[in-house]
Number of protein chains: 2
Amino acid sequence: MKLLQQSFSVSFQYPVYFSENIFQNQNQILKEVLSADGVASQKKLFFVIDEGVSQNHPKLVDQIKNYCKHLEEVATLVSEPLIVPGGEEVKNNRTYLDKILSITNEKGIDRHSYILAIGGGAVLDMAGFACAVAHRGIRYIRIPTTVLAQNDSGVGVKNGINAFGKKNFLGSFAPPFAVINDFTFLSTLDDRDWRAGISEAVKVALIKDREFFTFLEEHATKLLERDNASMQYLIYQCAKLHLDHIASSGDPFEFGSSRPLDFGHWSAHKLEQLTNFELRHGEAVAIGMALDVTYACLKGWLKEEEWKRILALLLKLGFEIFVPELLDNENKDVHRILAGLAEFREHLGGALTIMLLREIGKGEEVHEMDQDLILRSIEVLQRSQNKTLVI
Amino acid sequence: MKLLQQSFSVSFQYPVYFSENIFQNQNQILKEVLSADGVASQKKLFFVIDEGVSQNHPKLVDQIKNYCKHLEEVATLVSEPLIVPGGEEVKNNRTYLDKILSITNEKGIDRHSYILAIGGGAVLDMAGFACAVAHRGIRYIRIPTTVLAQNDSGVGVKNGINAFGKKNFLGSFAPPFAVINDFTFLSTLDDRDWRAGISEAVKVALIKDREFFTFLEEHATKLLERDNASMQYLIYQCAKLHLDHIASSGDPFEFGSSRPLDFGHWSAHKLEQLTNFELRHGEAVAIGMALDVTYACLKGWLKEEEWKRILALLLKLGFEIFVPELLDNENKDVHRILAGLAEFREHLGGALTIMLLREIGKGEEVHEMDQDLILRSIEVLQRSQNKTLVI
């Protein structure tokens with residue numbers, strides 16, 4: 001018996017820009033990105049746009065076409081932009097993925113061409129999956145338009161669509177070619193989407209950066225009043241922590257079972273499903289974090305004082321910390337929310353691994369959770385939703 | 001405008017075993033592979049088997065079940081093996097991919113479970129694509145059963161299916177968890193498949209290893225007589241050169257346009273299509289190499305003496321070096337084969353990059369090919385097919 005041991009590394013690089021009005025002619029970012037490979041030949045470009053974004057920015061398609069006229073030396077649009085619905089619909093219905101693939105085929109979009117997607121996280125996930133699998137990888141430029149996509153999902157390395165009723169059942173790890181965060185798009189978000197994206201910032205502050213948590217406490221009112229400077233700093237800092245984590249975790253493609261950035265997510269994923277996606281992802285994560293910090297406090301890990309600070313911040317930002325679905329029963333004794341633990345384990349693969357808080361800014365992983373303690377935590381949240389924080 | 005530059009590396013490792021009778025109880029390889037992660041928990045296993053292999057080895061499924069009984073401490077079969085057709089059919093028809101995905105869903109196969117595929121390159125490509133995209137990556141063990149899959153495609157990092165009538169239009173780069181080459185499967189190959197796999201060995205010898213080329217010349221008769229020892233060395237050496245190339249090329253996921261291992265492939269891909277896949281991939285590669293070495297000789301790069309050695313080896317191994325499809329015309333002046341250049345460029349993305357030979361064992365890339373010289377090379381091949389080698 002003979003054996004050859006294969007071993008190699010692949011390095012990935014991509015820039016993440018923070019800017020405004022990226023399709024105004026004086027903005028050079030896109031031109032810079034498209035010229036970055038140093039190859040003089042004309043590149044093909046194809047845009048996919050979130051329907052909600054194109055409705056809120058009716059001149060967007062014209063702006064893109066106009067901007068692309070000034071790109072003539074480096075790139076050309078090969079097709080009209082494709083407008084697709086936002087939200088889970090675009091990930092549930094395979095039509096949209098297939099449409100991108102068929103345009104890729106028809107227009108001869110190749111591995112050195114660019115597909116650019118403008119939209120919320122769901123549109124970016126779906127278009128990214130198309131780019132990852134067509135010709136084994138088309139260059140993909142993400143232009144996230146929501147707080148959540150700009151500070152979290154849009155800067156990472158994952159993509160995917162839903163299948164068999166499961167979120168992200170199909171997907172891959174495929175770093176983008178570039179990410180361009182354009183703050184201009186945030187102005188048309190409704191208050192609910194503006195707020196929902198803040199919860200991933202609270203999350204990453206809680207597990208990684210105590211100082212950033214203090215910033216969020218101090219700027220909660222300004223954030224609610226839609227102060228742009230505060231939000232821009234929040235997005236930049238949250239994206240930075242996210243990028244640092246991917247680069248330094250030692251496991252960017254998640255071969256292991258540890259996924260610290262999924263703090264608060266085991267119940268959040270389940271709550272999204274139990275509420276038929278009435279809860280936004282960020283709203284569900286806020287409840288999921290409230291649940292897991294309460295658990296950590298009852299478990300004796302997190303000091304009561306810190307627990308209060310965290311719940312007070314979530315409440316001040318306007319998040320719910322309790323929804324009736326937390327108490328949904330399959331039968332008298334089985335709470336549906338608890339199935340979220342098993343589903344989360346299956347999604348991770350291997351052993352259950354849950355991030356819990358020791359203190360603000362410092363997490364630690366556990367491999368099991370006590371079901372009674374989870375149910376007691378839910379009771380605490382139910383009592384605390386009126387803002388009387390007593391554990 | 002602010003900018004964050006993301007940068008990280010991902011390291012990949014996998015073992016490639018060369019063995020016999022891997023499902024006999026005394027063979028410990030599979031057990032070793034399944035225990036390699038050091039995690040004590042029971043793993044889930046699911047097998048996908050090439051129909052041709054299961055017909056030629058009617059006891060295979062029973063052997064697998066019996067072997068898995070001895071794996072009880074580390075793993076269990078979660079489903080009956082799925083039998084799928086071999087060849088391009090399994091990549092053309094999405095039914096088989098969808099079937100693997102749906103079993104993955106039903107049986108709770110997760111990122112730390114194993115899908116094992118036994119078969120020729122097409123089955124391995126299709127099953128590998130399913131593994132790459134389900135849950136963003138199930139652990140995938142390839143058990144190649146043909147010469148071509150054992151020495152070439154099965155040890156690499158690509159997977160894929162066909163779409164829009166194009167080979168490998170959908171796919172990804174996803175290194176396997178392990179590759180287990182079981183020489184026992186070669187005994188039931190027909191002579192044509194046995195021979196076809198040899199052409200990738202000629203290819204890699206021509207561009208990388210002059211000594212290996214001499215080995216092939218010296219063992220051509222033995223290889224034709226189906227001498228196992230000669231074939232096992234050929235497979236080992238070819239796989240080794242292939243693995244070394246991936247690890248040391250600096251571009252294992254082919255972000256650039258250079259793909260030296262695709263020597264002879266631009267016309268080979270086109271000939272497979274023009275012959276409606278009557279030509280096996282290896283047979284088409286033999287003709288493609290004959291064409292490109294003739295071109296290199298006419299161009300003044302390759303000495304006539306070396307050109308003769310190469311064509312003589314291909315002919316001695318029983319390969320055709322000419323098929324009438326090389327002369328197929330779209331109209332009077334346009335040879336269909338020349339479209340293969342443009343399609344190859346589109347498949348690579350970016351600039352056309354073709355590997356040509358300077359001498360046996362030494363290639364050099366060019367970015368254009370002279371169409372008249374290609375047509376003259378085809379004429380030379382037509383004249384030379386009767387084994388009178390005159391350029």
Side-chain angles (χ1 to χ4, degrees), chain A residues 1-19 29 39 41 101-102 105 108 110-113 129 132-137 155 158 160 163-164 166 168-175 236 239-240 243 246-248 252-255 257 345-351, chain B residues 1-19 29 39 41 101-102 105 108 110-113 129 132-137 155 158 160 163-164 166 168-175 236 239-240 243 246-248 252-255 257 345-351:
Chain A
M1 191 263 284
K2 285 182 176 179
L3 167 63
L4 292 169
Q5 187 63 50
Q6 176 68 316
S7 175
F8 61 89
S9 288
V10 180
S11 41
F12 298 94
Q13 281 93 28
Y14 57 94
V16 178
Y17 292 89
F18 301 82
S19 185
I29 291 176
V39 176
S41 67
L101 296 176
S102 97
N105 173 52
D110 65 28
R111 287 170 56 75
H112 293 220
S113 303
F129 186 52
V133 297
H135 293 302
R136 299 193 203 99
V155 303
K158 301 183 201 180
F164 307 108
K166 292 184 182 163
N168 300 320
F169 185 88
L170 297 177
S172 74
F173 293 93
Y236 178 82
K240 185 172 186 307
L243 290 165
I246 293 170
S248 65
F253 287 0
E254 300 175 355
F255 297 127
S257 297
R345 192 212 60 75
E346 183 181 321
H347 184 65
L348 297 174
Chain B
M1 191 264 287
K2 284 182 177 181
L3 168 63
L4 292 169
Q5 186 64 49
Q6 176 68 319
S7 175
F8 61 89
S9 288
V10 180
S11 44
F12 298 93
Q13 281 93 27
Y14 56 95
V16 179
Y17 291 89
F18 301 83
S19 184
I29 292 176
V39 176
S41 67
L101 296 175
S102 98
N105 173 53
D110 65 28
R111 287 171 57 76
H112 292 220
S113 304
F129 186 51
V133 298
H135 292 303
R136 299 192 203 100
V155 303
K158 303 183 198 179
F164 308 108
K166 291 182 182 164
N168 300 321
F169 185 88
L170 297 176
S172 73
F173 293 92
Y236 178 83
K240 185 172 186 307
L243 290 165
I246 293 170
S248 65
F253 287 0
E254 299 175 355
F255 297 129
S257 298
R345 193 211 59 75
E346 183 181 321
H347 184 65
L348 296 175

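Scope of the values below: all heavy atoms of this structure, side chains included, with no hydrogens, waters or symmetry mates. So you know, we letter chains A, B, ... as the sequences are listed, proteins then strands, and number each from 1. Note that the structure is predicted; figures quoted are calculated from it, not measured.
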| said: Return the CZ to CZ distance between A:F253 and B:F12, rounded to the nearest 0.5 Å. | reply: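 If I round to the nearest 0.5 Å, the distance is 5.5 Å.
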| said: As an exercise, state the distance from OG of A:S9 to CZ of B:F8, rounded to the nearest 0.5 Å. | reply: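 So the gap between those two atoms works out to 12.0 Å.
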| query | Counting heavy atoms not belonging to B:K240, are there more than 12 under 6.0 Å from its NZ? | reply | no
Identify which part of [X] has an atom lying under 4.5 Å from any heavy atom of chain A, answering side chain, backbone, both or neither.
| X | result |
| --- | --- |
| B:S102 | both |
| B:P252 | side chain |
| B:V10 | both |

| Do the side chains of A:H112 and B:S257 get nearer than 4.5 Å, heavy atoms only? | yes
| said: With a 4.5 Å cut-off on side-chain heavy atoms, are A:Q6 and B:V155 touching? | reply: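 No, too far: nothing below the 4.5 Å cut-off.
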| Taking all non-hydrogen atoms of both residues, which atom of B:Q13 and which atom of A:S7 are closest, and how far apart? |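 Nearest pair, atom of B:Q13 first, then A:S7: NE2-OG, 3.6 Å.
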Region of [X] in contact with chain B, defined by heavy-atom distances below 4.5 Å:
| X | answer |
| --- | --- |
| A:A247 | both |
| A:F129 | side chain |
| A:S113 | neither |

| said: Please identify, among A:N105, A:V39, A:L101, the residue contributing the most non-hydrogen atom pairs under 4.5 Å to chain B. | reply: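 It is A:N105.
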| With respect to chain B, which residue among A:G171, A:G137, A:S248, A:A239 yields the maximal number of heavy-atom pairs within a distance under 4.5 Å? |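 So the answer, after comparing A:G171, A:G137, A:S248, A:A239, is A:G171.
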| query | Quick one: does A:R136's side chain have a donor or acceptor within less than 3.5 Å of a partner on B:E254's backbone? | reply | no
| Looking only at atom types and distance, does a side-chain atom of B:H135 sit under 3.5 Å from a main-chain N or O of A:N168, one as donor and one as acceptor? |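 Absent.
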